[in-house]
Amino acid sequence: MAGAAVKRRGLRSFLLRRLWQVVPVLFGIAALNFLILQVAPGDVVDVLAGEAGAATPEYMAQLRAAFGLDQPVPVQFAHYIWNLVTLDLGFSFRQNMPVLELIMSRLPATLLLMLAALAIAVTLGSLIGVVAATRVRSWVDTLLSGFVLLTYAVPTFWLGLMAIVLFSAVLGWLPSGGMYTVGAGLTGFALVGDVLAHLLLPALTLSTFYLAVYARLVRSSMLELYGADFIRTARAKGAGEWRITLVHAFRNALLPMVTMLAYQSASMLSGAVLVETVFSWPGLGRLAFEAIRTRDLNLLLGILFFSSVVVVLVNLLVDLVYVLIDPRVDPTARRA
Amino acid sequence: MSGIALTAAPPAASDSPGLLRRLAGNRSAALGGVLLALVLGFAVVGPLLWPGDPWEMVAAPMLWPGEDMANPLGTDVMGRDLATGLVSGARVSLLIGLVATLIAATIGTLFGALGGFYGGRTDAVLMRVTELFQTVPTFVLAVVLVAVFRPSVTTAVLAIGIVSWPATARLVRAQFLVLRDREFVLAAETLGMSTPRLILTQILPNALPPVIAMSTLTIAHAIQTEAALSFLGLGDPNVMSWGTIIGGGREQLTEAWYVCGLPGIAIIVTVLAFNLLGEGLNDALNPHLQRR
Amino acid sequence: MPLLEIRGLQTWFETRAGTVKAVNGVDLSIERGETVALVGESGSGKSVTAYSVLRLIEAAGGRIAGGEVLFDGTDMLRLDLASLRAVRGNRIAMIFQEPLSALNPVQSIGTQIVEALRLHRDIGLRAARERAVELLELVRMPSPRERLEEYPHRLSGGMRQRAMIAIALACEPDLLIADEPTTALDVTTQAQILDLLRELQGRLGMAMLLITHDLGVVAETADRVAVLYAGRVVEQGPVETLFDAPAHPYTRGLLDAVRIEELPPGSRLPEIPGMVPSLLALPPGCAFAPRCPRATPACDAGPPAMRAGGEGRLHACFNPWLSTVEGRVPA
């Protein structure tokens with residue numbers, strides 16, 4: 001019991017320390033954004049106002065003054081950082097809304113999509129990986145290798161399009177886009193069911209690549225773990241093969257999978273942009289697509305900054321989960 | 001002056017005998033090579049078979065593949081020949097993939113080499129930058145770069161190059177950390193070889209083989225990124241690429257799905273070719289550092 | 001009827017180079033409450049023999065090619081998987097050389113003891129945890145109740161092995177197989193663990209098969225000893241008489257350099273000139289003949305059979321050292 005209390009206390013300091021480590025990363029991302037603004041053709045305000053004269057001249061003038069374009073670059077940078085710190089990501093004239101508000105209104109849809117895709121990838125990936133590991137060199141195993149190879153090559157957006165052709169156009173099983181049936185006025189469980197039906201195809205499309213990666217990872221970790229001494233101990237105790245596979249081997253195979261998850265949060269967000277575009281899923285990705293179409297560059301930069309922040313936070317969360325599921329990690333120890 | 005006698009000769013992995021034979025013996029490398037030859041052949045011979053401007057409307061719109069042998073792969077929504085478009089796409093994909101990878105490999109090698117060689121503060125700063133680029137969703141960054149600097153082949157190449165280097169940097173750094181303390185490097189250093197020369201003539205050649213293997217995988221990813229950018233409408237407006245065709249075919253997806261389908265298959269085959277080749281190269285060139 | 005009787009056990013590994021006959025006709029028996037030590041150089045097949053008893057060898061890539069393993073009259077090799085599992089950890093338990101890797105890193109000690117209990121006993125979680133505390137007390141784990149929540153990596157080597165022993169004793173087995181239980185521990189801890197094993201064995205009345213290459217451990221712990229060479233028992237008998245007057249030249253070679261009374265715990269087997277024969281291609285005759293100072297042409301003709309040497313002694317040798325034993329006449 002004493003160990004648990006120590007761990008809990010360690011966890012708090014671990015979290016604080018990791019939060020502190022986030023600051024320079026956020027600063028770096030902001031600097032990157034600012035660098036893009038500086039190198040961009042035209043002056044900063046041209047870019048920020050969304051070019052093509054979407055903003056009024058008065059607003060542009062106001063923006064120029066606020067940004068301090070007559071001042072040296074470091075002062076401009078300070079202005080920029082201050083804006084970000086106060087969560088002022090600017091205004092989108094195309095959408096007639098503050099950028100932060102726009103992003104916040106789209107964030108839940110993206111998180112829902114990513115979580116669903118992750119759940120599918122982890123569950124199915126584990127299942128396939130475990131089955132392939134228990135039947136090494138069988139047809140399941142060969143099929144998995146081929147599947148992994150293929151998913152590495154198939155573009156996500158193309159997979160989504162083909163899924164629409166098959167599952168909505170030809171078979172008519174699932175809706176081809178959007179988040180819910182427009183104008184149906186559904187509530188309660190009916191609405192939940194409707195959203196789930198709309199979620200299924202995009203989530204499956206986004207999950208495919210990760211599913212393959214996890215399946216391969218789980219397979220190789222399981223094979224390694226089957227040779228572990230503690231598996232032999234479990235067998236000597238009289239545990240059955242299922243118990244050995246799930247309670248002993250798979251529980252340990254989860255650890256590398258969680259590590260992998262952290263590596264992939266950024267890539268999954270990138271994937272979400274494409275999948276949302278294909279399925280008209282009203283999330284950050286779809287917003288980015290709209291921003292591209294209208295050349296709303298400030299909105300795009302806002303999305304870049306914000307999605308990077310999301311990745312940083314997800315990584316933080318994954319670290320935390322890792323500490324919780326691997327007792328060997330000492331949260332009070334500094335990371336190398 | 002290359003006659004500096006080194007007691008411990010650097011092991012040159014790249015010219016170890018039988019590399020080609022080893023590659024041919026590797027099933028994935030062989031299959032990758034065959035697929036790549038197909039794609040290359042298509043890109044080179046294609047313009048002779050289907051000459052002309054891929055943007056030109058040559059026939060009735062939405063002709064299915066095989067419907068009219070004048071347009072063997074059919075036509076798109078605007079009546080443009082798909083075969084001509086696919087050939088153009090192959091050339092664009094290969095070009096952008098190769099040049100972007102060259103950029104990525106250069107930046108990555110530079111960062112990794114400097115960090116790995118000098119260590120200390122230089123390394124810490126360079127690794128921070130590398131980490132930063134691994135945190136930012138790379139595709140979103142590429143989208144922003146292309147959008148801000150206006151879509152063209154040049155911006156696509158630059159953007160993809162700029163987002164693709166961190167993995168190479170890490171690999172080169174790891175290689176340099178190991179090679180830095182090898183006898184032949186110390187020997188060269190003792191003999192008074194200058195640092196740039198030391199890096200370029202002693203360490204780099206030995207660090208390169210795995211970089212080549214990784215770059216093959218980077219090409220595959222660059223081709224996918226290019227396709228995705230064009231699909232979103234961020235391709236060069238004057239160049240017909242596979243992603244452009246898919247993006248344009250979306251409107252009539254259900255009526256003429258082959259317009260999106262065919263370029264997708266072309267992407268899959270090309271990416272598969274580079275992935276298989278890269279994996280094979282990795283096994284052949286990189287026996288020590290396999291998949292860390 | 002002995003508690004465990006191994007007859008003609010053969011355990012083979014198929015490798016690319018051919019069939020490795022790691023255990024090639026082992027005969028061994030253990031009475032209830034008795035401690036038998038199995039000694040031999042590494043690669044002699046002692047651990048493989050031990051794993052074969054519980055049929056753990058199959059998961060390690062081996063195959064039991066022949067023989068019988070009679071436990072309480074039932075042939076373990078013919079049991080179906082369910083009945084086999086009912087014996088494992090219940091009537092026959094096992095502890096291993098490296099306790100850190102033998103314990104599941106992500107489960108607490110308590111969970112791992114409780115699992116051993118609940119696999120074989122119809123016992124509630126709460127009762128099982130209470131029993132786990134008792135077991136940790138039994139193996140003299142300091143502050144046992146707190147240790148339930150502890151994970152293996154937070155314990156010392158000795159405490160880990162105590163936890164392993166607690167797991168093994170959970171269902172009060174009739175036979176405990178200890179595979180080099182002290183090899184990975186420091187000298188002081190080795191002595192403590194051996195004392196503990198000896199004490200528990202007496203107290204619980206269980207039999208013990210002790211695998212070791214440490215002659216000191218054998219002398220201090222075992223009632224009888226079986227010497228293994230190239231997958232076969234070459235000599236066995238009561239520890240005292242066997243160590244006093246080894247009959248087999250191999251056993252003698254092992255003991256020659258070290259006088260048994262002076263053996264401190266931790267002594268390794270002394271070197272014998274020559275190489276252990278390849279298990280891929282065993283000589284047709286006695287496997288020790290190429291290294292044997294007493295070998296004759298007859299030794300290469302066929303394998304020597306096990307012969308009784310009196311006083312419970314058995315040896316497999318054509319030219320045993322029987323004449324050197326005072327007052328003993330060759331049988």
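To find a chain, count down the sequence lines: A is the first, B the second, and so on, and within it residues start at 1.
For chain A, no part of C:Ala93 is nearby; none of its heavy atoms comes within less than 4.5 Å. Both the backbone and the side chain of A:Ala239 come within contact range of chain C, with heavy atoms under 4.5 Å apart. With a threshold of 4.5 angstrom between heavy atoms, C:Gln112 approaches chain A through its backbone and through its side chain. Heavy atoms of C:Leu119 lying under 4.5 Å from chain A belong exclusively to its side chain. Neither the backbone nor the side chain of C:Ile177 comes within contact range of chain A; no heavy atoms are under 4.5 Å apart. For A:Ile231, no part lies under 4.5 angstrom from a heavy atom of chain C.
A donor-acceptor distance shorter than 3.5 angstrom exists from the side chain of C:Arg55 to the backbone of C:Met76, with no hydrogens or angles considered. Judged purely by atom type and a 3.5 angstrom limit, C:Thr182 has no side-chain atom pairing as donor or acceptor with the backbone of C:Leu185. Between the A:Trp281 side chain and the A:Val275 main chain, no donor and acceptor come within less than 3.5 Å of each other. Side chain of C:Arg145 to backbone of C:Val133: no donor-acceptor contact under 3.5 angstrom is found. The main-chain N or O of C:Arg88 is found under 3.5 Å from a side-chain atom of C:His120 such that the two form a donor-acceptor pair. Side-chain N or O atoms of A:Thr110 include one that pairs as donor or acceptor with a backbone N or O of A:Leu284 at under 3.5 Å.
Chain A forms the most heavy-atom pairs under 4.5 Å with one residue out of C:Glu98, C:Arg147, C:Arg85, C:Met94, and that residue is C:Arg85. For the options C:Cys171, C:Ala116, C:Pro105, heavy-atom pairs under 4.5 Å to chain A are most numerous at C:Pro105. For the set C:Leu148, C:Leu103, C:Leu54, C:Asn90, the count of heavy-atom pairs under 4.5 angstrom toward chain A peaks at C:Leu103. Your options are C:Glu115, C:Gln107, C:Gln97, and the one with the most heavy-atom pairs under 4.5 Å with chain A is C:Glu115.
The number of heavy atoms from other shown groups lying within 6.0 Å of CD (C:Glu134) is above 12.
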